[in-house]
Amino acid sequence: MGADAVLGMGMLIWLCRWPHAGLYARALSSDPLFIFAAILLLYLGLSVNWSDGATWQDHAQVWLRIAYVIVFVSSLAVALQNPDFLRQVCRFVTVAALISALLCLAWFAHNGGDLGRLTGLLRYENPGRAGRLFCAALPFIGIYWSLETDRWRRLAPFAGIAVLSAIIATDTRSAWLGACLGVSALLFAYIQKSGARHVIHLGCAIALLAAAVLFAIQELPRTDWLFPRGDSFRLSIWSAYLQDVLNGPLWFGWGQATDHWVVVGDEQFRGAHNLYLSVLGQAGLPGLFLFVTILVWSSVRVLRNLNNPAARLGWSLLVIGASVFLFSGDRIIDKVNLIWYVVWVPLAIALALSLEATPLLSRPAPSPERR
């Protein structure tokens with residue numbers, strides 16, 4: 001969190017020094033989507049007050065992260081007004097993903113991983129976290145390949161192959177699902193730029209994928225390769241967590257700083273392993289309503305602008321998040337991890353699209369007269 005705070009302060013200073021910063025600040029603060037997101041963040045911050053056993057460190061950590069999220073989203077929305085910024089960001093993520101995937105694959109080849117599954121490095125030394133985070137890199141790689149024109153473009157195919165190999169090696173089904181749907185959403189965004197038709201095409205692709213999985217389960221003699229760990233207790237965890245929510249504070253939840261454990265048989269599991277259920281448990285019905293509204297609102301904005309590369313990126317990230325969070329997820333306000341890629345980046349893109357259409361920002365403000 002110390003490094004996050006330093007980075008956030010740097011972003012804030014940069015944002016304040018951006019040309020016409022006041023105009024951008026007023027445009028963002030008057031955007032209804034930004035207001036909804038701010039209400040959600042502030043509500044989650046206040047929920048620490050009714051979290052069991054919350055300390056002053058919990059309050060400080062949550063509010064510091066809230067400030068960082070607001071600064072990050074605002075900075076990214078403003079920076080995207082520079083036409084070349086998206087390409088630069090996608091190049092950075094592509095290079096970082098390529099290096100990370102190669103290191104993880106090399107380490108996996110050396111030690112065999114955790115139970116034969118590839119794990120990430122450092123904080124992501126877990127097959128699930130690593131696989132889902134690699135998913136978020138795929139749309140950046142695809143967008144970079146379409147935007148770049150010089151020799152750097154050759155990195156994209158190598159990065160895509162390395163990242164896909166890493167995702168497969170994690171043996172994480174939610175990561176496989178997120179990769180399939182995210183790449184499909186990006187491809188269809190290039191083929192069909194009409195929002196309504198795009199959703200229909202993507203829906204048909206999802207239906208075909210579901211039909212193929214059901215056929216494999218029912219017809220193939222062996223399907224242990226498809227679900228080697230069964231449902232990983234997911235159904236039991238969801239059922240137990242939902243029952244606890246219904247028997248507890250359904251309206252306002254347990255609070256953002258509460259760690260809720262569920263008991264399934266002889267096992268204990270932290271959280272719901274489903275972000276939507278987690279939000280319901282931590283923030284109650286108002287929190288879940290605000291969160292889903294922000295996701296849907298951001299989706300509508302980017303779907304209306306699929307001719308814009310940034311909108312294609314935002315949409316594919318939202319699709320990855322919507323699918324992956326069915327099987328994982330703990331908190332909306334968290335350290336820098338997957339949720340920053342698939343929730344806060346698309347939100348910033350949706351806000352940036354609105355900024356582009358703001359009349360006051362469509363032309364530069366007059367420079368002050370020199371005396």
Side-chain angles (χ1 to χ4, degrees), residues 76 86-105 108 117-121 124 126-148 152-192 198 201-202 205-206 209 295 298-299 302-303 306 308-329 336-349:
L76 184 54
L86 179 63
R87 183 183 61 85
Q88 294 173 355
V89 168
C90 289
R91 175 191 288 181
F92 180 86
V93 175
T94 297
V95 173
L98 174 61
I99 295 172
S100 178
L102 290 177
L103 288 175
C104 290
L105 288 168
F108 176 59
R117 303 168 66 192
L118 178 144
T119 62
L121 302 175
Y124 293 93
N126 174 281
R129 286 199 296 269
R132 290 185 286 267
L133 193 61
F134 276 127
C135 282
L138 289 174
F140 287 90
I141 296 171
I143 294 295
Y144 179 64
W145 184 83
S146 69
L147 292 179
E148 189 59 89
W152 283 92
R153 191 172 191 248
R154 302 170 187 171
L155 281 177
F158 293 105
I161 293 172
V163 169
L164 283 173
S165 300
I167 291 172
I168 294 172
T170 62
D171 201 28
T172 301
R173 297 305 178 265
S174 61
W176 291 11
L177 177 65
C180 288
L181 296 184
V183 171
S184 298
L186 185 59
L187 289 175
F188 284 129
Y190 281 98
I191 297 171
Q192 180 53 259
H198 170 87
H201 289 179
L202 184 61
I206 294 174
L209 177 62
L295 293 181
S298 299
S299 298
V302 296
L303 282 171
L306 286 180
N308 187 314
R312 298 184 199 124
L313 174 64
W315 170 240
S316 54
L317 290 172
L318 282 167
V319 170
I320 290 174
S323 56
V324 164
F325 286 146
L326 290 172
F327 306 96
S328 66
V336 178
N337 57 19
L338 178 67
I339 198 167
W340 287 70
Y341 283 88
V342 298
V343 174
W344 303 130
V345 169
L347 173 62
I349 291 173

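When reading the values below, keep in mind they use all heavy atoms of this one structure, side chains included, and skip hydrogens, waters and symmetry mates.
Shown here for Leu138 and Val183, the closest heavy-atom pair between the two residues is CD1-CG2, 4.0 Å. Annotation for Ala175 and Thr170: closest pair CB-OG1, 4.5 Å, computed over non-hydrogen atoms. Minimum interatomic distance between Leu102 and Ala162 (heavy atoms only, all atoms of both residues): CD2-CB, 4.2 Å. In plain terms, the two heavy atoms of Ile143 and Pro309 that are nearest each other are CD1-O, 3.6 Å. Pairing each heavy atom of Trp176 with each of Asp171, the nearest pair is CZ2-OD1, 3.9 Å. Shown here for Cys135 and Ile320, the closest heavy-atom pair between the two residues is O-CD1, 3.4 Å.
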Residue pair Leu76, Trp344: steps toward the side chain to side chain contact (heavy atoms under 4.5 Å, CB included) verdict: CA-CA 9 Å; Leu76 184 54; Trp344 303 130; over 6 Å; no
Side chain to side chain contact (heavy atoms under 4.5 Å, CB included) evaluation trace for Leu186 with Val319: CA-CA 9 Å; Leu186 185 59; Val319 170; over 6 Å; no
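Residues Asn337 and Leu133 form no side-chain contact, since every pair of their non-hydrogen atoms from C-beta on lies 4.5 Å or further apart. Using a 4.5 Å heavy-atom threshold, the side chains of Thr94 and Trp152 count as separate. The shortest side-chain heavy-atom distance between Val93 and Tyr144 does not fall under the 4.5 Å cut-off. With contacts defined as side-chain heavy-atom distances shorter than 4.5 Å, the pair Ser165/Leu105 qualifies. When side chains are defined from C-beta on, Cys104 does not count as touching Tyr124, because their heavy atoms never get closer than 4.5 Å. For the pair Thr172/Arg132, a side-chain contact is recorded, criterion being any heavy-atom separation below 4.5 Å from C-beta on. Taking the side chain as every heavy atom from C-beta outward, Tyr190 and Ser146 approach each other to under 4.5 Å. In this structure, Ser184 and Leu202 have side chains that are in contact, with non-hydrogen atoms separated by less than 4.5 Å.
Using modelled atom types, no side-chain atom of Trp340 and backbone atom of Val345 make a donor-acceptor pair closer than 3.5 Å. In this structure a side-chain-to-backbone donor-acceptor pair under 3.5 Å is missing from Ser100 to Ala96. A donor-acceptor distance shorter than 3.5 angstrom exists from the side chain of Ser316 to the backbone of Leu313, with no hydrogens or angles considered.
Atom CG of Leu306 sits about 12.0 Å away from atom CD1 of Ile191, to the nearest 0.5 Å. Here the CG atom belonging to Asn308 is positioned 8.5 Å from the CD1 atom belonging to Ile349, to the nearest 0.5 angstrom.
Under a cutoff of 6.0 Å and an axis angle of 45°, Arg312 and Trp315 do not form a cation-pi pair.
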